[in-house]
Protein chains: 2
Amino acid sequence: MIERKRQSAIERKPAILKAFFEVIEKEGFENASVAKVAMKAGVHPSLVIHYFGTKEKMVLELVDEVLATYADLFRRLPKDGPPLERLERLLQLVWSREWHEAASFAVVFSFLALSQRDDEVRKRVRNLYNNYRRYLQVQVCFFAEEGVIRIDDVEAAVEALISLSEGSHYFCRFHIDNGTFDSHCQHMIVAAKRILGVQSPDI
Amino acid sequence: MIERKRQSAIERKPAILKAFFEVIEKEGFENASVAKVAMKAGVHPSLVIHYFGTKEKMVLELVDEVLATYADLFRRLPKDGPPLERLERLLQLVWSREWHEAASFAVVFSFLALSQRDDEVRKRVRNLYNNYRRYLQVQVCFFAEEGVIRIDDVEAAVEALISLSEGSHYFCRFHIDNGTFDSHCQHMIVAAKRILGVQSPDI
DNA sequence: TAATTAATTGAACATTCATTTAATAGCGTA
DNA sequence: TACGCTATTAAATGAATGTTCAATTAATTA
């Protein structure tokens, strides 16, 4: 006892959330107890409750944090520049190591499972993807108008693009070794270009 | 007490697994306790342990059962018939209501999260998809040889096809209302055909 | 320095957890 | 009818669960 490391709520709360994340990643959502999180954070279980009220609220705060990292990724998608170059940057970013490593599969999948039961979580996931979807719609429209792609249905192309990228992230977790990641990304970019009907010399 | 409903292990075990599945779906993997499963199955918790040994083993048995339903789906994929018709049947099956409703998102996602930690589960998931992958490779090769599709790289096309279909199932859970499911499937089939470079009059 | 506020812990809470062991009840066979 | 097997439960286990409340310690302000 004694030797209390005193910190402000502003630094302590994120530290506890980080510990929560790590415990989930290592032991699974179903085994991530308040006690373990407190232990990992080097703190008394009471303090966890003191800051978050209940475990449930803590889960929701972590969900928000994780979804925010996705929102950050989306925010970095290109919004200007010449059409063909912009398209190329878009695809390169979606299928980059950075995006692939952005989130923990174990944590995210637990939250997606949770979203099927918890309306609050579901709403936030939905909202996140709606933003992504709207962004792609605008871009795909632009590309079509500029004549760098040829599609019949913008909505359909966007649905396919999102499905391909989400499915690809999923696919990688089970089928891609370290050595094959880059070539897989190339495959996906080629597929995306086919879906979009890219009109370009290099395809 | 009294009024024991006596059943054989052959009927009781599946009944308990079914109860387990339902509890997970309703309350989440993290809240599916042995006691709740027993309650749902109308049975004493001891009996659950008696049949499965430990909760962990019960989880593994349920994983096997769920994966088996996927294997059943894969088994129904077309393996003969004229190339173009076979391709059409393949796509229609992958993007059918039946496939979409085949499994519980909440349960499956919990298991996928689990697979990141549990090597046994991981191995089985991987194995399942390897079968799917091999099947598609054979078919895509065949379609290419028969000239109904035009692709540069079989491996790449298969990766894209799987990614698109898995991502699509995921996509549907958050973005598709009941009314838009059919049109979404149509969009995906069009995208798949573009990926495969289908050489046909109706595209 | 004294008073106030916020961070942190200690100890206890009632529940629930998965599991064990021993007892009981129903069925098939001899 | 008696026996043996298996299904099933009863009861109890210690550990772990999330949470409460009061006490204590450290920093901030007066």
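Lettering follows sequence order; numbering is per chain, from 1. The figures here come from the full heavy-atom set of this structure, side chains too, leaving out hydrogens, waters and symmetry mates.
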How is Val43(B) classified with respect to the nucleic acid when contacts are heavy atoms under 4.0 Å: base, sugar-phosphate, or nothing? sugar-phosphate

From the candidates dA26(D), dT8(D), dT9(C), the one with an atom nearest any side-chain atom of Arg6(A) is dA26(D)

From NE2 of His50(B) across to C1' of dT21(C) the rounded distance in Å is 14 Å

Taken to the nearest whole Å, CD1/Ile10(A) to P/dA27(D) is 17 Å

Check: OP1 or OP2 of dT8(D) less than 4.0 angstrom from a side-chain nitrogen or oxygen of Arg12(B), does that happen here?
Finding: yes

Among dA7(D), dA26(D), dA10(D), the one nearest any side-chain atom of Ser46(B) is dA10(D)

Atom CD1 of Ile49(A) and atom C1' of dG18(D) are separated, to the nearest Å, by 6 Å

Exercise for the section: Examine Arg86(A) relative to Phe142(A) and say whether NZ or CZ is less than 6.0 Å from the centre of the six-membered ring and inside a 45° cone about the ring axis. Expected result: yes

Side-chain contact check for His44(A): nearest option of dT9(C), dT19(D), dA18(C) is dT9(C)

Taken to the nearest whole Å, CD1/Ile16(B) to C1'/dA7(D) is 11 Å

**Asked** Just by distance, do the side chain of Asp118(B) and the backbone of Glu120(B) share a donor-acceptor pair under 3.5 Å?
**Response** yes

Ranking dT17(D), dT8(D), dC17(C) by distance to the side chain of Ala35(A), first place goes to dT17(D)

**Message:** Check whether Phe20(B) forms a cation-pi arrangement with Lys40(B) (NZ or CZ under 6.0 Å from the six-membered ring centre, at most 45° off the ring normal).
**Reply:** no

Closest of dA18(C), dT9(C), dT9(D) to the Leu47(B) side chain is dT9(D)

query: Contact class for Phe52(B) vs. all strands (heavy atom < 4.0 Å): base, sugar-phosphate, or nothing?
result: nothing

For the pair Phe74(A) and Tyr70(A), name the ring-plane relationship: parallel under 30°, tilted 30 to 60°, perpendicular over 60°. tilted

In whole angstroms, the gap separating P of dT17(D) from CD of Glu56(A) amounts to 18 Å

From the candidates dT19(C), dA7(D), dG18(D), the one with an atom nearest any side-chain atom of Tyr51(B) is dA7(D)

